[in-house]
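In what follows, a single structure is set out as structure tokens and then discussed.
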Amino acid sequence: VSSADAVAVVLWIGATMYAVFGGADFGAGLWTLLTGRDRRPRELIDWAVGPVWEVNHVWLIFVLVVLWTGFSSAFEAVFSTLFIPLSLAALGIVLRGAGFAFHKTARRARGRAISEALFGVSSLLTPFFMGTVVGAIAGGRVPVGNAAGNAVTSWLNPLSLVIGALFVATSAYVAAVFLVSDARRAGAPDLERYFSTRALIAAVVTGALAAGGLVLLHNDAKFVFDGLTGDGLPLVILSLLCGIAVLILLRRGARRGARPLAVGAVAAVIWGWGVAQNPYLLPQKLTIADAAAPSATLTSVLIVFGVAVVLVLPSIALLFTLVQRNLVEEASQPPPPPGAD
Amino acid sequence: MLASQLEAARSQMAFTLGFHIILASVGVAFPALMLIANYRGLRHDDQDALRLAERWSRVVAVTFAVGAVTGTVLSFEFGLLWPAFTGRFGQVFGVLFAIEGICFFLEAIFVAIYIFGWKRLAPWTHFWAGVPIVITGLGGAFSVVAVNSWMNQPQGYSPTTGDVTSVEPLKVIFNPAVPYEVPHMILAAYLVTGFIVASVYAVGMLRGRRDRIHRLGLLIPLTVACIATPIQFAVGDTAARAIAKDQPVKFAAMECVQKTSTDVTEYIFGRCTSSGVKGGIGIPGFDSFLVGWSTSTQVTGLDSVPPDDRPPANTMLHWAFDIMVGICTMLIGLGLWLAWGWWRKRDFPQTRWFLRAVAISGIASVVALECGWIVTEVGRQPWVVYNVMRTEDAVTKASGIWVTFIAVLLLYVVLGTVLIITLRAMARRWRGADAEEGGVPYGPDGGPPPVVAEGTG
């Protein structure tokens with residue numbers, strides 16, 4: 001493995017983390033939008049996401065920095081050609097972050113309602129437009145250079161739109177599975193059922209969109225399609241199996257396993273995509289080797305990543321452990337359902 | 001078309017950076033103030049100090065969250081606005097951002113542990129959970145400012161034209177501008193945050209709230225800021241002399257030096273024209289003296305480079321520099337006033353005039369911060385990478401920046417307004433809590449912090 005490939009692996013690790021944890025946050029925001037008048041699911045969401053949302057969000061910064069440091073020309077190509085969807089994704093991040101920052105402190109019902117609505121809508125914007133970006137890259141519509149591709153059709157096409165929708169559905173799915181566990185932790189069996197049902201629905205929608213995406217890939221992005229059904233096939237099958245296993249576990253109301261398997265389903269498909277478009281970073285436009293920074297830079301990135309593994313991972317583990325043991329928490333737990341017990 | 005593209009991109013970058021720099025400064029320095037209060041509270045069993053620490057941690061939470069958002073916008077702008085710059089040099093300066101990434105990550109984690117850990121963690125454990133926030137804040141500031149230093153003093157890569165094929169990361173990280181730019185910005189962060197926080201409590205005291213919380217809330221940050229200010233003056237002075245040597249054209253623009261010569265007059269304010277400074281207060285020979293401790297020191301003028309290579313908006317640059325230095329000088333005066341009071345009465349001066357001075361010090365220090373940022377950024381123009389890459393060659397060819405600029409402008413105005421409204425609402429709530437004697441921050445009997453108590457009810 002060359003150091004360029006190693007940095008690409010680091011990039012993919014970051015992307016996976018963001019897709020799973022950032023995705024879960026966005027998905028939670030989406031469910032906030034869909035809860036209607038019911039306050040309890042929202043309170044569960046606030047309680048669960050509060051302490052970790054900021055950290056989950058840092059993975060995006062990680063991805064951007066590794067991309068521009070390790071593969072500067074790819075970063076240039078993506079961010080200039082896909083100016084519009086990336087601006088809209090950034091807008092979503094601003095609104096989401098702001099909504100979250102203020103919502104914690106907003107006292108009046110009106111202030112809360114506005115920040116919740118912002119959080120919900122922005123949760124839709126960012127995953128969707130990030131998805132269109134991935135669609136544009138997979139479809140080979142991002143040529144090397146400063147805004148060398150089409151500013152509109154590169155991302156406004158059926159493949160990109162379906163992948164955008166797929167990202168939204170996946171976020172909702174991961175979030176719902178996570179929230180089932182959180183509801184159990186909070187001792188709220190009604191919310192456990194509530195999110196369990198929603199996880200099942202989201203799983204079915206995600207599966208349908210993924211199937212649709214494959215058909216479009218076949219027509220529109222033959223290279224990636226061939227990769228997914230070739231070298232990437234084991235990972236695609238793994239993802240499918242994980243997804244089915246989650247469905248079974250949720251139906252049975254199993255206490256363990258759904259969360260890691262849901263993460264596995266998402267991670268497998270992201271790595272399947274990576275394997276499928278190998279050796280390209282931008283399929284058939286730019287290879288990993290051609291985009292790679294000089295070797296000293298790549299080595300530095302790997303060293304920094306090593307330091308991050310040593311320092312950041314234990315810290316994250318500490319935070320998540322404290323959260324799971326209820327040693328750090330923002331709001332009190334959601335009240336028990338009316339009439340329960 | 002392209003000229004206006006460049007203008008829009010520069011406006012957006014200037015605006016978003018100018019906004020972020022305030023939040024970033026607060027994010028770097030406020031946790032330190034919070035920990036000082038926390039330490040005092042634990043060490044001397046001082047409940048007022050603990051209550052301050054707890055409240056400040058809520059402010060840190062909100063400003064950190066907003067700062068994270070505005071910081072993310074900046075990292076998008078590296079690609080959305082300046083893809084050609086990042087496309088060519090991202091591989092050179094990127095390592096610094098990777099280091100910053102680690103710092104930010106750790107910062108976010110420990111901010112979360114600290115803020116959400118008030119009730120359940122043991123007091124000293126909780127205090128130590130806050131220490132990494134301060135350290136990573138310094139590390140993050142170092143990395144980001146070192147990138148800006150590199151843009152001013154680029155080195156450690158080759159070839160100097162065309163595609164970069166080799167990088168020496170240590171030379172990039174420890175570029176010649178780092179020793180003065182990095183301390184200058186970190187001190188600025190502590191100074192600005194200290195004066196902002198102190199000014200809030202000064203306003204409260206002017207309105208008659210002279211309880212112990214207000215007095216501590218004023219004294220802790222003001223002391224930190226007043227210690228930082230004279231050091232800042234010395235560092236800034238060193239930086240100016242280094243710039244006179246390393247970036248003589250930037251220095252010439254700051255001081256409106258048209259022609260290279262000796263015995264150069266130092267002008268305070270005045271209007272810069274190609275035939276010299278109009279108006280303003282001139283001190284003959286003093287500019288030469290400041291650069292090399294002698295009036296016979298030669299100072300490089302703007303005429304040393306063709307007009308295309310000179311920074312724009314000379315008068316603005318010159319004024320920004322003078323205002324920064326002027327405000328810093330006045331803040332040193334404020335520090336002396338505090339020191340005098342402390343020396344005479346072991347307390348800060350209780351007069352209304354002193355409180356008024358502290359009350360405006362917050363805004364004054366922010367003005368100085370922005371002026372300093374203008375000096376370094378506009379002074380580097382027309383280069384994005386000094387003498388290597390022009391800003392006009394760095395900008396995106398995508399259209400629509402005027403749209404995003406206007407959107408960002410509106411969004412940030414709302415963001416800033418809501419931030420201030422939120423902080424004021426928090427302050428009001430705390431005043432109410434003080435009136436009815438709230439619980440102590442630590443200990444299971446204290447009940448949930450006031451922010452949460454009513455929100456979930």
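Chain identifiers are assigned alphabetically (A, B, ...) following the order of the sequence lines, protein sequences preceding nucleic acid strands; residue numbering begins at 1 within each chain. Since we're looking at a predicted model, the values are computed, not measured.
- Note: A/L322 CG to B/R120 CZ = 11.5 Å, rounded to the nearest 0.5 Å.
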Got a list of side-chain donor-acceptor pairs under 3.5 Å for residues 292-311 of chain A, not counting sequence neighbours?
unit_1: A/T297; atom_1: OG1; unit_2: B/Q91; atom_2: O; d: 2.8
unit_1: A/T299; atom_1: OG1; unit_2: A/S295; atom_2: O; d: 2.8
unit_1: A/S300; atom_1: OG; unit_2: A/A296; atom_2: O; d: 2.7

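- Only the side chain of A/L91 comes within contact range of chain B, judged by heavy atoms closer than 4.5 Å.
- The part of A/L60 that comes within reach of chain B is its side chain, from C-beta onward, which places non-hydrogen atoms under 4.5 angstrom from that chain.
- Annotation: ring-ring contact (aromatic ring centres under 6.0 Å, His included) contacts of B/F30 (sequence neighbours excluded): B/W56.
- The aromatic rings of B/F105 and A/F62 stand perpendicular to each other, their planes meeting at an angle above 60°, with 30° marking the opposite boundary.
- The part of A/L64 that comes within reach of chain B is its side chain, from C-beta onward, which places non-hydrogen atoms under 4.5 angstrom from that chain.
- Counting only distance, with no hydrogens or angles, the side chain of A/N146 and the backbone of B/A394 share no donor-acceptor pair below 3.5 Å.
- Within the 4.5 Å cutoff, side-chain heavy atoms of B/T72 are placed close to those of A/H57.
- A/L318 is not listed as a side-chain neighbour of B/I109, based on a closest heavy-atom distance of 4.5 Å or more.
- When the heavy atoms of residues 72-82 of chain A are compared with those of chain B, the residues falling under 4.5 Å are A/S72, A/S73, A/F75, A/E76, A/F79, A/S80, listed by number.
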Please list, one pair per line, the donor and acceptor atoms closer than 3.5 Å that link side chains of residues 401-418 of chain B to other protein atoms, with sequence neighbours excluded.
unit_1: B/W402; atom_1: NE1; unit_2: B/S4; atom_2: O; d: 3.4
unit_1: B/W402; atom_1: NE1; unit_2: B/S4; atom_2: OG; d: 3.4
unit_1: B/T404; atom_1: OG1; unit_2: B/Q12; atom_2: OE1; d: 2.9
unit_1: B/T404; atom_1: OG1; unit_2: B/I401; atom_2: O; d: 2.9
unit_1: B/T417; atom_1: OG1; unit_2: B/V413; atom_2: O; d: 2.5

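- With a 4.5 angstrom heavy-atom cutoff, A/I61 touches chain B only via side-chain atoms.
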